Amino acid sequence: MSTSAAFHRAIALIEVDAGHPGRAFTAQPQPVPWPKAYGGDTVAQSVAAAIRTVDRDRSLHSVHSTFLRGVDVAEEVRYDVEIIRDGRSFSTRHVRGHQHGKLAFMATASFHVPEEFPVHRPTMPDAPSPDGLPSSAEVLSGLEGPDIEYWSHGRSFDMRHVPGPVYASIEGGSAAHQAVWVRAFEALDDDPLTHQLAIAYVCDYTILEPVLRVLGLPWRADGLVTASLDHAMWFHAPARADEWLLYAQESAGISDGRGLGTGRFYTSDGQLVATVAQEGMIRPGRPL
């Protein structure tokens, strides 16, 4: 059964004694079929921690993150939030994620009091309606394995690829771009922060896929190892993550065993919601 329970568990922070002038929280990484946690867990948890320290008159407009160590899915992560500045219009927070006594993750989050201002946005690329596209579960029907179960039902979001996914094979060709329709499996509450956290959570699942597509490496390629290195995200407008969002992505460059993926989230009527950039390590497991 497909639910959004993993997302809800991921952002269920517990406040603990900080022992410093800021605040501190713990959160539990969610199970995956691999030893190390999903990077979107860490991004969303750090954002959730930062949000807890900011007045509700301002909203997150950007977060810049660095992944320092792989996160063990079996152990909780402690997020220490440093209150850098609270101004009239902007607030800044620095978040450090520790596990096993070591620094595993760092993020800087910026918040802004909304203003009336002219809007410009890139045009949403053409894409077929998600209603006519197969879900991940439908694409992977007939295959078995813990990875198949996870991709089909375990990621809290329905994902439908254009032109096709890259799970077991590269479907749709090796062009340096693709798009993914995403929507939470279940209805979320009406708090805009929940939806912002959901978009931060889901953004990491597929952002490196255009890089893999160019290299001819499906996720199931023997020996393939990937890891998030750094991540940046900008929020432009609120949107519901339990309604279809188009995540348009491209490979912005590949070199030295690293790939840079960029992406934009759009509502189904073309409003720009968020922009993402992420660099990842790519270890193909075979000569390319």
Side-chain angles (χ1 to χ4, degrees), residues 6-54 60 62-85 91-111 146-147 150 154-156 197-198 200-205 207-208 211 219 223-233 256-261 276-285:
F7 162 66
H8 289 294
R9 290 193 301 265
I11 63 168
L13 273 60
I14 298 173
E15 186 158 13
V16 297
D17 179 48
H20 55 73
R23 293 170 66 182
F25 307 85
T26 60
Q28 181 65 48
Q30 296 308 294
V32 294
W34 305 280
K36 299 303 179 182
Y38 163 56
D41 257 16
T42 315
V43 171
Q45 288 169 353
S46 69
V47 168
I51 285 173
R52 293 272 291 269
T53 72
V54 176
L60 180 73
S62 71
V63 59
H64 300 263
S65 308
T66 302
F67 298 84
L68 301 173
R69 291 180 172 87
V71 169
D72 181 356
V73 297
E75 299 292 334
E76 67 181 19
V77 179
R78 175 188 167 106
Y79 294 95
D80 290 283
V81 183
E82 182 181 0
I83 299 172
I84 302 296
R85 181 177 184 271
S91 291
T92 305
R93 300 291 186 265
H94 189 66
V95 185
R96 295 176 177 87
H98 291 83
Q99 191 184 63
H100 302 308
K102 296 181 178 180
L103 183 62
F105 177 85
M106 297 187 302
T108 300
S110 184
F111 298 80
D147 55 347
Y150 177 68
R155 298 187 293 179
S156 293
L197 289 172
Y201 179 86
V202 75
C203 73
D204 189 31
Y205 279 126
I207 187 62
L208 291 181
V211 173
W219 287 114
L224 174 65
V225 177
T226 66
S228 301
L229 297 175
D230 47 36
H231 174 281
M233 191 167 193
D256 298 320
R258 306 186 315 275
L260 177 63
V276 181
Q278 180 167 303
E279 188 176 44
M281 180 197 77
I282 311 293
R283 295 286 186 263

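Bear in mind the structure is a predicted one, so any value in this text is a computation, not a measurement. Just the heavy atoms: all of them, side chains too, but no hydrogens, waters or symmetry mates, feed the values below. Residue numbers run from 1 in the order of the sequence given.
A donor-acceptor pair under 3.5 Å is absent between the side-chain atoms of Asp256 and the main chain of Arg258, judged by distance alone. Side-chain atoms of Gln28 come within 3.5 Å of backbone N or O of Val73 as a donor-acceptor pair. Between the Gln99 side chain and the Asp72 main chain, a donor and an acceptor come within less than 3.5 Å of each other. Within the 3.5 Å criterion, the main-chain N or O of Leu13 finds no donor-acceptor partner in the side chain of Gln45. In this structure, Arg93 contributes its side chain and Thr53 its backbone to a donor-acceptor pair below 3.5 Å.
Closest heavy-atom contact between Ala109 and Leu60: CB-CD1, 3.8 Å. Scanning all heavy atoms of the two residues, the minimum distance from Gly154 to Ala6 falls at O-CB, 4.1 Å. In plain terms, the two heavy atoms of Ala50 and Val95 that are nearest each other are CB-CG2, 4.0 Å. Closest non-hydrogen pair, Tyr79 versus Ala27, comes out as CE1-CB, 4.0 Å.
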Let's go through Phe7 and Tyr201 carefully: what are the C-alpha distance in whole Å and the side-chain angles of both, what is the deciding distance for ring pair (Phe, Tyr, Trp, His ring centres under 6.0 Å) to 0.1 Å, and is it a yes or a no? CA-CA 7 Å; Phe7 162 66; Tyr201 179 86; 5.4 Å; yes
What do the steps show when you test Ile282 against Leu224 for side-chain contact (heavy atoms from CB on, under 4.5 Å), and what is the final call? CA-CA 8 Å; Ile282 311 293; Leu224 174 65; 4.3 Å; yes
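Considering only heavy atoms from C-beta on, Met233 comes within 4.5 Å of Cys203 through its side chain. The side-chain heavy atoms of Glu82 and Arg96, taken from C-beta on, include a pair separated by under 4.5 Å. The shortest distance between side-chain heavy atoms of Val47 and Leu197 falls below 4.5 Å. A 4.5 Å side-chain heavy-atom check between Arg78 and Val16 finds at least one atom pair inside the cut-off. Contact check for Thr42 versus Pro29: no side-chain heavy atoms found under the 4.5 Å cut-off.
Once rounded to the nearest 0.5 Å, the distance linking OG of Ser46 with CD1 of Ile51 reads 9.5 Å. Here Leu260 contributes atom CG and Leu208 contributes atom CG; the two are 8.5 Å apart, rounded to the nearest 0.5 Å. Taking OG1 of Thr226 as the start and NZ of Lys36 as the end, the distance is 14.0 Å to the nearest 0.5 Å. Summarising the geometry, atom OG belonging to Ser91 is positioned 11.5 Å from atom CD1 belonging to Ile84; distances are rounded to the nearest 0.5 Å.
Counting only residues at least two apart or on different chains, the side-chain hydrogen bond (donor to acceptor under 3.5 Å, both in side chains) pairs with a member in residues 101-111 are His61-Ser110, His94-Thr108.
Checked by atom type, the side-chain pair Tyr38/Gln30 shows no donor-acceptor distance below 3.5 Å. Using modelled atom types, one finds no donor on one side chain facing an acceptor on the other under 3.5 Å when comparing Asp204 with His231.
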Extract all donor-acceptor atom pairs below 3.5 Å that involve side chains of residues 63-71 and protein atoms in other chains or at least two apart in sequence.
{"from": "Arg69", "atom 1": "NH1", "to": "Leu103", "atom 2": "O", "distance (Å)": "2.5"}

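Under the 4.0 Å criterion applied to side-chain N and carboxylate O atoms, Arg23 and Glu15 are assigned as salt-bridge partners.
Residues satisfying the ring-ring contact (aromatic ring centres under 6.0 Å, His included) criterion with Phe111, sequence neighbours excluded, are absent altogether.
The aromatic ring centres of Trp34 and Tyr150 sit less than 6.0 Å apart.
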